[in-house]
Protein chains: 2
Amino acid sequence: MLAEQRRHQIMLELQRTGQARTTQLAENFGVSEVTIRSDLEILDAKKLLIKTHGGAIALPASSPAAAFEERMNRNFDAKRRIAQMAARQIIDNQSIVFDSGSTLLQVAMQMPPVSNVVVATTAMNIAQHLMYRPGLDVHMIGGRVFPSTVSTIVSDSDKAVGGLVAHQAFLSAHAIDHAFDVVDVSEDIARTKRNLVRMARRVILVADSSKWDIGASSKAFSLSRVDLIITDTGMPHGIRSRLDKLGVEVRYV
Amino acid sequence: MLAEQRRHQIMLELQRTGQARTTQLAENFGVSEVTIRSDLEILDAKKLLIKTHGGAIALPASSPAAAFEERMNRNFDAKRRIAQMAARQIIDNQSIVFDSGSTLLQVAMQMPPVSNVVVATTAMNIAQHLMYRPGLDVHMIGGRVFPSTVSTIVSDSDKAVGGLVAHQAFLSAHAIDHAFDVVDVSEDIARTKRNLVRMARRVILVADSSKWDIGASSKAFSLSRVDLIITDTGMPHGIRSRLDKLGVEVRYV
DNA sequence: TCAATATTTCGATTCCTTTCGTTTTGATCT
DNA sequence: AGATCAAAACGAAAGGAATCGAAATATTGA
């Protein structure tokens, strides 16, 4: 086995388990520990791993906070344009519902100055971004806190905000499956989205093109229930032509 | 497991919960406590955490807002001690209500590891601190968001958490007036505190000595409704003797 | 042969544990 | 409030096992 190939195998092992021991590697590859150490030294110099006493560990994994940043940065440009368009839908004297998610946080941050607007949201980060703004009344929708999205899970929307009927609801999607249903990873989240949809007369969905044609376990609501879809043009061609026939207003940014 | 990886795991644990105990870590990793202590010493030297008696705590948040808040925070030491005592009241298999406020955020941060505990709170910062902790179910109590305390104002507690009856409620006070009523700056906040008090069978009030004998516009509830008061000894002498005659358990830290 | 690669050897270093005497902490009792 | 006591946590030291780096040596392939 070539030295280069052996190093590649070491990297694979590290990606699988997050760590590798010098002793183990030497035994597996049938070479001396000194050889393995020199491999690790070379890979460390290339910043591909971190050499430690006894072996090596993978590069520092991203923290929860960093993971959210990462999600935020994925498709960032499309999300920003989508958010800009969405934020323009908000006008004075309206009540609005915000779902959680990185795209909707963008929408909140790009919201123009308004007056006499009521915002209800399940997302703590959105609430915290909006609460200082003048002309805005922010309502946090209560429920069990879901860590990965920093938002609440709503069991009963009617109780949650005292029967508020909003003019518009802004929803995001974890994924949109082949049957044009907005789907998510858990029934809890799906139910929350259903409740949010029911709270508003007009439903706006923001979804960048990476969300299309992906399955997930729990259906939240059908695209036909949506009044306006804001997305970008990067989706597969077949999807787009079907979407245009659906009878729902779609804006591409 | 490699030593370096173990240290990284310690850092992750600290980022999640804000603290870590030597005993717990030694048990989790299957190494001696001496080893953990040496790990903590090394990480402390790198300024990645602060080693303390019994374990380590995360570095204080360095955001401008947090720093400002901390600098403005008078009586920080007393609050920390009060919080420590309060956190010890929390045991497994309980449901707990948290009011908002800097002292109660401290309580949340100093909460020991627990299992099967349900926490309901109006404070977003408390919810965000607790949501990653294992053994905890965090419920955000919905309502209008009040910027200065980063918390919600509850109009109707029964609706807010589906009629949850908690074992204990931890309340803070903006001020306590001459008639031994907990008072606050607005009727909205006072009503919220009243609602939180009604939600629990046992009410614990945390209040450092600077809160005593100050008036405010809106009465929240009377001290006689409280089951346990945790405070420090810096209050005027006359207050203290009256307090001891009130028939409410008081602990001084 | 030359250069890259791998191995062996060996003293130095790191890691981890056990032991032991000291300090801190929290609870109880005046 | 102050004193007291036991449990928990601590630091320092010592020793053993694993690992390391460096240098000399052996192997491999053009």
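Chain A is the first sequence line, chain B the second, and so forth, proteins listed ahead of strands; every chain is numbered from 1. Just so it is clear, the model here is predicted, and its values are computed rather than measured.
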Spacing of [X] atom [atom1] and [Y] atom [atom2] [to the nearest 0.5 Å]:
X        : Y        : atom1 : atom2 : result
B:Arg7   : B:Ser38  : CZ    : OG    : 6.0 Å
B:Leu49  : B:Glu41  : CG    : CD    : 11.0 Å
B:Met140 : A:Ile141 : CE    : CD1   : 11.5 Å

Write out a two-atom table: protein N or O, nucleotide N or O from nucleotides 4-6 of chain D, distance below 3.5 Å.
none

Separation of [X] atom [atom1] from [N] atom [atom2], in whole Å?
X       : N      : atom1 : atom2 : value
B:Arg81 : C:dA27 : CZ    : C1'   : 17 Å
A:Gln24 : D:dA18 : CD    : C1'   : 15 Å
B:Gln5  : C:dC15 : CD    : P     : 14 Å
B:Ile36 : C:dT18 : CD1   : C1'   : 16 Å
B:Met85 : C:dT25 : CE    : P     : 15 Å
A:Ile42 : D:dG21 : CD1   : P     : 13 Å
B:Arg80 : C:dT25 : CZ    : C1'   : 14 Å
B:Asp39 : C:dC16 : CG    : P     : 7 Å

Please check: side-chain N/O of A:Arg6 versus main-chain N/O of A:Ile36, any donor-acceptor pairing under 3.5 Å?
no

May I ask you to decide if B:Ser209's main-chain N or O and B:Asp232's side chain share a donor-acceptor pair within less than 3.5 Å?
yes

Axial bend angle, the helix from C:dT1-D:dA30 to C:dT30-D:dA1: five-pair end segments, nearest 10°
40°

Strictly by modelled atom types, are B:Asp92 and B:Asn116 linked by a side-chain donor-acceptor pair under 3.5 Å?
no

For the residue pair B:Gln168 and B:Gln89, confirm or rule out a side-chain donor-acceptor distance under 3.5 Å.
no

For residues 120-131 of chain A, the salt bridge (charged side-chain N to carboxylate O under 4.0 Å, His left out) pairs (sequence neighbours left out) are none

Test salt bridge (charged side-chain N to carboxylate O under 4.0 Å, His left out) applied to A:Glu27 - qualifying residues, sequence neighbours left out
none

More than 12 non-hydrogen atoms from neighbouring residues, nucleotides or ligands closer than 6.0 Å to NE2 on B:His129, yes or no?
no

Does atom CD of A:Glu187 have more than 12 heavy-atom neighbours, drawn from other residues, nucleotides or ligands, at distances under 6.0 Å?
yes

Strictly under 3.5 Å: I want the nitrogen or oxygen pairs between protein and nucleotides 7-9 of chain D, one per line.
| residue | atom | partner | partner atom | Å |
| --- | --- | --- | --- | --- |
| D:dA9 | OP1 | B:Thr23 | OG1 | 3.1 |
| D:dA9 | OP2 | B:Thr23 | OG1 | 3.3 |
| D:dA9 | O3' | B:Gly54 | N | 3.1 |

Looking only at the side chain of [X] (C-beta and beyond, no hydrogens), which of the listed nucleotides [options] gets closest?
X        : options               : answer
A:Ser32  : D:dG11, C:dT8, C:dC16 : C:dT8
B:Val34  : C:dT7, C:dC16, C:dT19 : C:dT19
B:Thr233 : D:dA1, D:dA22, C:dG26 : D:dA1

Is the phosphate of [N] approached by [X] (side-chain N or O, under 4.0 Å from OP1 or OP2)?
X       : N      : answer
B:Arg88 : C:dA27 : yes
A:Thr35 : C:dT7  : yes
A:Lys51 : D:dG21 : yes

Taking the side chain as every heavy atom from C-beta outward, state whether B:Ile126 and B:Phe170 have any atom pair closer than 4.5 Å.
no

What I want to find out is whether A:Arg21 reaches A:Glu13 closely enough, with some N-O distance under 4.0 Å, to be called a salt bridge.
no

Member of B:Asp227, B:Ile230, B:Leu223, B:Leu228 meeting the side-chain contact (heavy atoms from CB on, under 4.5 Å) criterion with B:Leu205
B:Leu223

Could you tell me whether B:Arg240 contacts a base, only the sugar-phosphate backbone, or nothing, with contacts defined as non-hydrogen atoms closer than 4.0 Å?
sugar-phosphate

Evaluate side chain to side chain donor-acceptor pair (under 3.5 Å) for B:Ser186 paired with B:Asp188, printing each intermediate quantity in order.
CA-CA 5 Å; B:Ser186 79; B:Asp188 282 336; 4.9 Å; no

Enumerate the protein-to-nucleotides 24-30 of chain D contacts in which both atoms are nitrogen or oxygen and the separation is below 3.5 Å.
none

